[in-house]
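Before any comments, here is the structure.
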Amino acid sequence: MDKHFYADLYRTMYRIRTFEKKIEEFSLKGEIPGFVHLYIGEEAIATGVCANLTHQDYIQSTHRGHGHTIAKGAQTDRMMAELFGKKTGYCKGKGGSMHIADFSVGMLGANGIVGGGYTLATGAALAEKIKKTQNVSVVFFGDGASNRGTFHEALNMAAAWKLPVVFVCENNEWASTTPYQTTTSVKDISVRAKGYDVPGVIVDGNNVLEVYEVSKEAIDRARKGQGPSIVEMKTLRIKGHYVGDPEMYRTAEEVQKRFRENDPITRFEATLLENELLSRKEIDGIIREIDEEIEAAVKFALESPFPDESELYDDLYID
Amino acid sequence: MDKHFYADLYRTMYRIRTFEKKIEEFSLKGEIPGFVHLYIGEEAIATGVCANLTHQDYIQSTHRGHGHTIAKGAQTDRMMAELFGKKTGYCKGKGGSMHIADFSVGMLGANGIVGGGYTLATGAALAEKIKKTQNVSVVFFGDGASNRGTFHEALNMAAAWKLPVVFVCENNEWASTTPYQTTTSVKDISVRAKGYDVPGVIVDGNNVLEVYEVSKEAIDRARKGQGPSIVEMKTLRIKGHYVGDPEMYRTAEEVQKRFRENDPITRFEATLLENELLSRKEIDGIIREIDEEIEAAVKFALESPFPDESELYDDLYID
Amino acid sequence: MREITFSQATLEAMKEEMQRDDTIFVMGEDIARQGGIFGQFKGLPDDFGTDRIIDTPISETAIIGSAIGAALAGMRPVADMHFADFMGITMDEVFNQMAKIRYMFGGQTKIPMVIRAPDGLIRSGAAQHSQSIEAWFNNIPGIKVVAPSNPSDAKGLLKAAIRSDDPIIYFENKDLYRQSGPVSEEEELLVEIGKAKVARAGTDVTIVSYSVMMNNALEAAEILEKEGYSVEVIDLITLSPFDEKTVIESVKKTHRLLIAHEAVKKGGLGGEVAAVVAEEAIDYLDAPIIRVGAKFTPVPFSPTLEEAYRPKTHEIVDGIRSMFI
Amino acid sequence: MREITFSQATLEAMKEEMQRDDTIFVMGEDIARQGGIFGQFKGLPDDFGTDRIIDTPISETAIIGSAIGAALAGMRPVADMHFADFMGITMDEVFNQMAKIRYMFGGQTKIPMVIRAPDGLIRSGAAQHSQSIEAWFNNIPGIKVVAPSNPSDAKGLLKAAIRSDDPIIYFENKDLYRQSGPVSEEEELLVEIGKAKVARAGTDVTIVSYSVMMNNALEAAEILEKEGYSVEVIDLITLSPFDEKTVIESVKKTHRLLIAHEAVKKGGLGGEVAAVVAEEAIDYLDAPIIRVGAKFTPVPFSPTLEEAYRPKTHEIVDGIRSMFI
Ligand SMILES: Cc1ncc(C[n+]2csc(CCOP(=O)(O)OP(=O)(O)O)c2C)c(N)n1
Ligand SMILES: Cc1ncc(C[n+]2csc(CCOP(=O)(O)OP(=O)(O)O)c2C)c(N)n1
Ligand SMILES: [Mg+2]
Ligand SMILES: [Mg+2]
């Protein structure tokens, strides 16, 4: 792996973090409308997984989808504009945080329906199989989402037909206010792989290199026509479920402590420096670059117009 | 086990077989309206499982539900009347074959929706848990039904909360025209138990004593508050999917051959005689008794009136 | 009379009924630890324990299906849907099981359960968290559908729904939760299911509405009153099967009808109300029937578009004015 | 012209379109080995292989969801629902994904897919295998809903649906499959989506109908013709959004309207048709609007009750007669 590889991983993670911090700030100020779910603390997952994908590959995302969208290659200015509800956003302001998508890079959409993405990703994989390409499709899902029936229907279909789709579980221990273990019959979501005769593996989801390596295996397997896998990323939801969540169901100290010890960006930075993969200067360069990019994205969003009422009926039907 | 136990098992299996043959006859003649799915060849399953249940326990059945209904203790005359669409039937003619039920014996209903019963059975089990009784609930389901999302949602909920419900899979190798292995990612449905951290066992579904013993363990476990299990009964669908199925997707000879070798009633009869558990005479007595019962049931059904048009709105709302 | 919020009113209803009858329990996502996204279950676990206030997995088919099964086993479950938008997931359980079990089994059993479904627009909730889908259920025999428009009815109607032996869908509008209003402290505050209410009497025109749109209907009536029109406003309360008699009687008196709801106009409940009147009382009508409802698009995210989508008071006012030209 | 059955007509449509465009594929339960429960897919695997005619697991959410996903990846999927009754299972995929994806993503993509849904009464199919549920979808923007009433339209409409870039639900009535009728052999037999057809011209009264109930409508028209009434019969063909213009123009001419469908009357599509006319053309009406539809109960099993439930030709005839008293 060369410098660019590491720099790209770092850049993506830091881009997500910086984007999310801005979103949090403007959301708390009430300038971003609607529900916003932040990806802070889980950046290594989207980054490491998507580093294995091209724009011809697909991802299906969740309600917590900004990180996936960025990692798949979307531009932060058009994303920011979308979140502000502006006409220049990816969805012309019709989608917002829970419905952001960039089809030009194979990002098939965030989804406000928890567990809504499994079957769609499976269908995209089916399409690629019928078309006989090597493209794959990845579906991100939470621990909570793993209890939706769509998980079962999609994974069984994908496994029975050996479709090129990878199921990436972001086990952040919480589903909204509910600790996943109180509603989920297994500790490791990945053991569910056994019920479909597919591989299921556990990954430290806060270690971007491990995420990259292990998801690479699953993705390569899919590309080779060997079917789906479950890759379970162990992580923790650092922020409230949504911006503004009073989080009365857990203690902030505990969460902050674990975050300090296990921030995926801090950890990666340490690895980079320790192993002399990137220099401090190089890292600072990236930080500067991204800070500027995100500032520009905010400016773009703020200066963009809201959609006009006359656009209401646009994009409803084609024919 | 005393004589009565064996006699009861034999009686139930033979009652189901005789009932089904009559149904087939009248259905082919066009005298029984609607879709009819026969349980011939699978009698050992309902019989062996329900021998562990009281009328305070519940079962949820399928589209192929006559056997379950009989095994749970319903009367064949009122069943027959229901299948003929008569007013004296269990459902006053409103339900028919796919919607037969006898709540007085804990038979909560056949179901025209494949996989529709899992969550209902789980709910009945939840109720018993809240009420702190020892009653259990059993859901029968096919190999084909095992791919419905409701399987996953119900079993996870039942396992997470240790509800007293047993999942009995009737793996008869076929889901309508489709061999289950072409659409199901695992050979043994029971391995799916691993994804919920519950026991999953395989049983020779054409051996009524084995069915009884193994389902007893699962049912006792549920009664003791230790949660759900999957019990997979291996069997074969002998008849067409429904009465009138041209069965163009498989060869009748192969099926008949396997049936001859593995008819659960013939096998049980041999066991009974070999081990001197019942005498030939005793068996013949049961046969005579049941033949008469079913003739009487047919007579009852034929002589009963159809519901009157004026009953259309009955039983829609209570308040 | 004391004033409490709509949300508190539903909370009181739950408490009183759960105290009265221990076969009642509630289940849904994030209701126990958090008390519901809108505070509508707050504190219930303290009174009734987590055996009766149950946080479920994200498994909507199991939530509704197991509520049905529990009802079959003698309980009176209340199932919370989190957002009405998620009811699509459970439609099979709702329309093929819950609605039909009693009927198709010939009355052998009953399904005394309530589905609570928070619906309607909420500031930029967007396409999947803002919908009003009540119209689907009008075509489904075997269910009753209700929707209160104020705190007092919210309480009385929820109590009545819980006591009913029929399966009931209780749509509660998300924007109404914070709204306050007088609610009697009388324990037997019950709103009759199946009966509409004349919320404001008038003689020149009838507005039929329900849920959050009642605010607009009453506001429109005020505005029109000042212009000299006497407006009768009917709150349907029960949406399916709805109280045809009260609507028809009103129209026979006023000779004019406007129906307003927040749901999409096309294919909405307004069509059914209009059709009943066009069948039963067309000769009494002195003007076209007018329907006011949301535009025929998914709910857009951006505030400007959401505002364009939303049905508004002035549409009611303009509609009625046009009837008198 | 040669006569073929409705079922064969759909088969021809599939064949011709699949030959023309290799991004089209079909999936559903029991369609490849068996050819569909009504023979509507018979022989297709011989022509197109089991890569394009796919037997699925009993996983309705995955069938519809993966069709949507495949559409996003550039295919034109046709998903068979086996029985329309099972669409409840997939409602979330249908209304929260299929209907909204193009709109909520700002037109970035399209969903050129067709859901084929066999509906309607079939001899004692009972509560869960007999339903007509089209009314639900009228309130859902982003989908188009069509339903042919004869073999020729079955073919032309299915071809048009497959070619459309919008997501379409194609309801095909189970009782119509065996019905024969003339079907042109012209390859470009296409029925325009969004447009109703005057199936029979008349001047005294308009019947609006669709799907299997068109048989009753035309039969009623014959009967009434003999009594001296000139009956115009409109076949909606597209049920959502339906062709309001053709309906309104007809009513403006005939001054009388009856709507007939096999679905439950209450909350049915007839309400929407009636409401549009009551809004747009009430002054032209010389009689109450009448709706004919099934009774407000789940579909009962027993033949006597099923017959009582079913809407009948004589109800149309009697309804129209009553308009002239
Ligand atoms: C079908 C559905 N049910 C419920 C919700 C409400 N909801 C939104 S996010 C969420 C928790 C999701 O938890 P998880 O899948 O673990 O993802 P995380 O938020 O932890 O990333 C819930 C219950 C929803 N949006 N969709
Ligand atoms: C939800 C649903 N999908 C499809 C069907 C149609 N259908 C009825 S029975 C059946 C096959 C069921 O197979 P299995 O579960 O193995 O039960 P078996 O018939 O073998 O007893 C199918 C596809 C249905 N009734 N319900
Ligand atoms: Mg989580
Ligand atoms: Mg089977």
Side-chain angles (χ1 to χ4, degrees), chain B residues 58 60 82 87 89-96 98-104 106 108-109 111-113 115-133 135 137 139 148-150 152-158 160-161 163 165 307 311 313-319, chain C residues 22-23 25 27 49 51-52 54 56-77 79 89-90 92-93 95-113 141-144 160-161 163-168 192-194 241:
Chain B
Y58 303 108
Q60 261 293 327
E82 186 59 36
K87 187 186 166 94
Y90 272 113
C91 311
K92 304 179 190 162
K94 290 208 177 90
M98 275 200 284
H99 310 294
I100 192 149
D102 178 2
F103 281 73
S104 71
L108 303 186
N111 209 318
I113 301 298
Y118 301 116
T119 59
L120 274 58
T122 299
L126 173 62
E128 297 307 308
K129 189 181 173 180
I130 296 177
K131 289 192 271 173
K132 299 195 168 43
T133 73
N135 303 328
S137 144
V139 54
R148 279 286 319 277
T150 45
H152 180 65
E153 295 201 358
L155 185 47
N156 174 65
M157 183 181 271
W161 297 346
L163 302 181
V165 49
E311 295 168 41
Y313 285 105
D314 293 351
D315 305 318
L316 182 58
Y317 294 110
I318 300 180
D319 296 333
Chain C
D22 62 14
T23 64
F25 71 98
M27 61 179 159
D51 255 20
R52 291 179 68 197
I54 308 176
T56 64
I58 305 177
S59 303
E60 281 78 6
T61 75
I63 295 170
I64 299 302
S66 67
I68 298 169
L72 294 180
M75 305 293 286
R76 304 185 80 88
I89 299 171
T90 72
D92 184 62
E93 284 70 25
F95 102 107
N96 272 329
Q97 314 289 346
M98 185 178 89
K100 299 187 167 74
I101 281 180
R102 175 172 172 75
Y103 185 84
M104 71 186 177
F105 295 150
Q108 288 184 67
T109 188
K110 61 184 182 185
I111 315 281
M113 67 179 272
I143 318 178
K144 291 181 181 175
R163 292 190 194 184
S164 170
D165 277 335
D166 294 314
I168 292 183
E192 187 183 339
I193 292 172

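All values below come from the heavy atoms of this structure, side chains included, with hydrogens, waters and symmetry mates left out. Chain letters run A, B, ... following the sequence lines, proteins first and then strands; every chain starts at 1. Please read these numbers as outputs of a predicted model, since none were measured by experiment.
- In this structure, E153(B) and P57(C) have side chains that are not in contact, with every pair of non-hydrogen atoms separated by 4.5 Å or more.
- One distance of note links OG of S137(B) with NZ of K129(B); it measures 14.0 Å at 0.5 Å rounding.
- The candidate with the highest count of non-hydrogen atom pairs below 4.5 Å against chain B, out of I64(C), D92(C), I58(C), is D92(C).
- No hydrogens or angles considered: nothing links the side chains of E60(C) and T90(C) as a donor-acceptor pair under 3.5 Å.
- Looking at K131(B), the atoms closer than 4.5 Å to chain C (heavy atoms on both sides) all sit in the side chain, from C-beta outward.
- In this structure, D315(B) pairs ionically with K92(B), as a charged nitrogen and a carboxylate oxygen lie closer than 4.0 Å.
- The pair D165(C)-R76(C) meets the salt-bridge criterion, since a charged nitrogen lies less than 4.0 angstrom from a carboxylate oxygen.
- Interface remark: T56(C) contributes backbone and side-chain atoms alike to the contact with chain B (heavy atom separation under 4.5 Å).
- The shortest side-chain heavy-atom distance between M27(C) and S66(C) falls under the 4.5 Å cut-off.
- Distance SG/C91(B) to CD/E82(B): 4.0 Å, rounded to 0.5 Å.
- When the candidates L108(B), I113(B), N135(B), T150(B) are compared by the number of heavy-atom contacts under 4.5 Å with chain C, I113(B) comes out ahead.
- Residue K87(B) does not touch chain C at all, counting heavy-atom pairs closer than 4.5 Å.
- For Q60(B), the part lying near chain C is the side chain, with the backbone staying farther off; criterion is any non-hydrogen pair under 4.5 Å.
- When heavy atoms are compared at a cutoff of 4.5 Å, L163(B) does not approach chain C at all.
- Heavy-atom distances place both the backbone and the side chain of L316(B) under 4.5 Å from chain C.
- Taking chain C as the reference chain and counting heavy-atom pairs below 4.5 Å, the highest number among D314(B), N111(B), T122(B) is found for N111(B).
- Heavy-atom distances place no part of I111(C) under 4.5 Å from chain B, backbone and side chain included.
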Name every donor-acceptor pair, under 3.5 Å, that has one atom in a side chain of residues 99-108 of chain C and the other anywhere in the protein, sequence neighbours excluded.
{"from": "K100(C)", "atom 1": "NZ", "to": "F95(C)", "atom 2": "O", "distance (Å)": "2.6"}
{"from": "K100(C)", "atom 1": "NZ", "to": "N96(C)", "atom 2": "OD1", "distance (Å)": "3.3"}
{"from": "K100(C)", "atom 1": "NZ", "to": "Q131(D)", "atom 2": "OE1", "distance (Å)": "2.7"}
{"from": "R102(C)", "atom 1": "NH1", "to": "G107(C)", "atom 2": "O", "distance (Å)": "3.4"}
{"from": "R102(C)", "atom 1": "NH1", "to": "T109(C)", "atom 2": "O", "distance (Å)": "2.8"}
{"from": "Y103(C)", "atom 1": "OH", "to": "L312(B)", "atom 2": "O", "distance (Å)": "2.6"}
{"from": "Q108(C)", "atom 1": "OE1", "to": "F103(B)", "atom 2": "N", "distance (Å)": "2.9"}
{"from": "Q108(C)", "atom 1": "NE2", "to": "Y90(B)", "atom 2": "O", "distance (Å)": "3.2"}
{"from": "Q108(C)", "atom 1": "NE2", "to": "A101(B)", "atom 2": "O", "distance (Å)": "2.9"}
{"from": "Q108(C)", "atom 1": "NE2", "to": "F105(C)", "atom 2": "O", "distance (Å)": "3.3"}

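- Within the 4.5 angstrom heavy-atom criterion, only side-chain atoms of N156(B), from C-beta onward, approach chain C.
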